[in-house]
Amino acid sequence: MKNFVLFGKPGSGKGTQAEYLSEKYKLYHISTGDLFRKNISQNSNLGLLAQSYMDKGELVPDEVTIKMLENEIKENPQSKGFLFDGFPRTIAQAESLDKFLKSIDMQINATIALDVDEEELISRIIDRGKTSNRSDDQDIEKIQNRFNEYNMKTSTLSKYYKDQKKFFEVDGSGSVDEITKRLFELIDSFNLP
Ligand code: B4P
């Protein structure tokens with residue numbers, strides 16, 4: 001089984017690239033952002049809770065996010081592997097993921113970071129905000145807060161995965177096709193069964 005984490009700042013293209021990677025490598029794509037947005041559209045209790053954090057550009061609390069993620073894995077035992085998009089975002093989430101995967105005889109094979117500078121990210125997010133209806137995409141202060149959350153809570157994860165020799169970085173600037181090609185080349189170089 002192949003399990004990958006897609007890592008990167010808000011708007012770095014994790015969701016965009018996850019579509020291509022999950023199709024090519026037959027991975028089950030789990031986006032915590034999409035799961036929260038689905039719950040919000042259904043007005044579920046989880047959605048109402050998540051919305052209060054997402055609207056401010058803050059991370060949703062770990063215990064809620066971890067539980068939702070574990071349920072998603074348990075509900076898809078037939079999949080050939082998982083592509084985690086936007087999870088983990090804190091050390092506590094990464095540790096829980098490792099522990100949970102170990103308990104079902106699985107592990108993360110690689111974490112792949114998309115590296116894009118903040119100026120480019122802001123322009124991508126503002127652009128998406130024109131059509132996405134996402135309140136966290138439309139306000140520069142909220143976008144800045146998402147970067148602050150990343151810098152405070154998420155960026156340290158690179159060391160966590162480097163220490164496990166599972167961290168790989170890909171240039172996330174350029175056209176979507178160019179970036180997909182870089183990702184395919186990297187994953188193919190792992191020679192995983
Ligand atoms: P996410 O949904 O994960 O949102 P994101 O970081 O903005 O998106 P991503 O990197 O996937 O960018 P995308 O491909 O869409 O998180 C939203 C919120 O949910 C968080 O702020 C947090 O509150 C909460 N949350 C999620 N996971 C959590 C967790 N684990 N713990 C706690 N809270 C959590 O690309 C962005 C835009 O750029 C798109 O419009 C795309 O079309 C465009 N784009 C992509 N690639 C491009 C390219 N090469 N060139 C030009 N444009 C490009």
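Both ligands and their constituent atoms are indexed starting at 1 by order of listing. Worth knowing before you read on, the calculation uses all heavy atoms, side chains too, and leaves out hydrogens, waters and symmetry mates.
- Considering only heavy atoms from C-beta on, Glu58 comes within 4.5 Å of Glu149 through its side chain.
- Within the 4.0 Å heavy-atom cutoff, Gly8 does not count among the residues contacting ligand 1.
- Residue contacts with ligand 1 for Arg146 involve side-chain atoms from C-beta outward but no N, CA, C or O (heavy atoms, distance under 4.0 Å).
- Near Thr16, meaning under 4.0 Å from one of its heavy atoms, ligand 1 places the atoms 13 (P), 14 (O), 35 (O), 41 (C), 45 (C).
- Under a 4.0 Å criterion applied to the non-hydrogen atoms of Glu58, ligand 1 contributes the atoms 22 (C), 23 (O).
- Heavy-atom proximity to Arg37, at under 4.0 Å, picks out these atoms of ligand 1: 2 (O), 17 (C).
- Between the side chain of Asp115 and the backbone N or O of Glu169, no donor-acceptor pair lies under 3.5 Å.
- Remark: Phe168 engages Phe190 in a ring-ring contact (aromatic ring centres under 6.0 Å, His included) (not counting sequence neighbours).
- Taking any N or O of Gly86, backbone or side chain, at least one lies under 3.5 Å from an N or O belonging to ligand 1.
- Residue Arg128 places at least one N or O, backbone or side chain, under 3.5 Å from an N or O of ligand 1.
- Distances from atom 46 (N) of ligand 1 to the heavy atoms of Glu19, Arg124, Glu120 put Arg124 nearest.
- When heavy-atom distances to ligand 1 are checked against a 4.0 Å cut-off, Met68 has no atom that comes that close, whether in backbone or side chain.
- Regarding atom 28 (C) of ligand 1, its nearest protein heavy-atom neighbour is Arg89 CD, 3.4 Å.
- You'll find the side chain of Lys181 reaches within 4.5 Å of the side chain of Glu185, heavy atoms only.
- When each atom of ligand 1 is checked for a heavy atom of Gly11 under 4.0 Å away, the hits are 5 (P), 6 (O), 7 (O), 8 (O), 9 (P), 10 (O), 12 (O), 35 (O), 36 (C).
- Results of the side-chain contact (heavy atoms from CB on, under 4.5 Å) test with Leu27 over Phe82, Phe84, Phe4 single out Phe4 as the only residue that passes.
- In this structure, the side chain of Asn39 engages the main chain of Leu35 through a donor-acceptor pair within 3.5 Å.
- Below 4.0 Å from some heavy atom of Gly15 lie the following atoms of ligand 1, by number and element: 9 (P), 11 (O), 14 (O).
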Side-chain donor-acceptor pairs of residues 101-109 under 3.5 Å, sequence neighbours excluded:
| from | atom 1 | to | atom 2 | distance (Å) |
| --- | --- | --- | --- | --- |
| Ser103 | OG | Phe100 | O | 2.6 |
| Gln107 | OE1 | Lys166 | NZ | 3.1 |
| Asn109 | OD1 | Asn3 | N | 2.7 |

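- With atom 25 (N) of ligand 1 as the reference point, the heavy atom nearest to it among Phe36, Phe87, Phe84 is part of Phe36.
- Only the side chain of Gln93 comes within 4.0 Å of ligand 1, judged by heavy-atom distances.
- Look at Asp137 and Arg146 and you find a salt bridge, because one of the NZ, NE, NH1 or NH2 atoms lies within 4.0 Å of a carboxylate O, short of that distance.
- Close N/O approach between Ser31 and ligand 1 is not found [any backbone or side-chain N/O within under 3.5 Å].
- Using a 4.5 Å heavy-atom cutoff, the side chains of Phe184 and Leu21 are in contact.
- Atoms of ligand 1 lying under 4.0 Å from at least one heavy atom of Thr65, given by number and element, are 29 (C), 30 (N), 31 (N), 32 (C).
- If you look at Ile179 next to ligand 1, the close heavy atoms, those under 4.0 Å, all belong to the side chain.
- The shortest contact between atom 24 (C) of ligand 1 and any protein heavy atom is with Met54 CG, 3.8 Å.
- The shortest N/O to N/O separation between Thr32 and ligand 1 falls below 3.5 Å.
- Residue Pro88 has no nitrogen or oxygen atom sitting less than 3.5 Å from a nitrogen or oxygen atom of ligand 1, judged on distance alone.
- To the nearest 0.5 Å, the span separating CD1 on Ile66 from NZ on Lys99 amounts to 10.0 Å.
- Ion pairing between a basic and an acidic side chain is recognised when a charged N comes within 4.0 Å of a carboxylate O; Lys38 and Asp34 show no such pairing.
- By the 4.0 Å N-to-carboxylate-O rule, Lys67 lies too far from Glu63 to be salt-bridged with it.
- By heavy-atom distance, the residue among Arg134, Lys14, Lys130 lying nearest atom 4 (O) of ligand 1 is Arg134.
- Each of Lys80, Glu72, Glu75 was evaluated against Tyr28; a single residue qualifies, Glu72, per the side chain to side chain donor-acceptor pair (under 3.5 Å) test.
- When hydrogens are left out, the protein atom nearest atom 33 (N) of ligand 1 is Val60 N, 3.1 Å; that is the closest non-hydrogen contact.
- Proximity to Pro10 (heavy-atom distance under 4.0 Å) selects the following atoms of ligand 1: 6 (O).
- Checked for salt-bridge contact, Asp127 and Arg124 miss the test: no charged N lies under 4.0 Å from a carboxylate O.
- When each atom of ligand 1 is checked for a heavy atom of Gly174 under 4.0 Å away, the hits are 48 (C), 49 (N), 50 (N).
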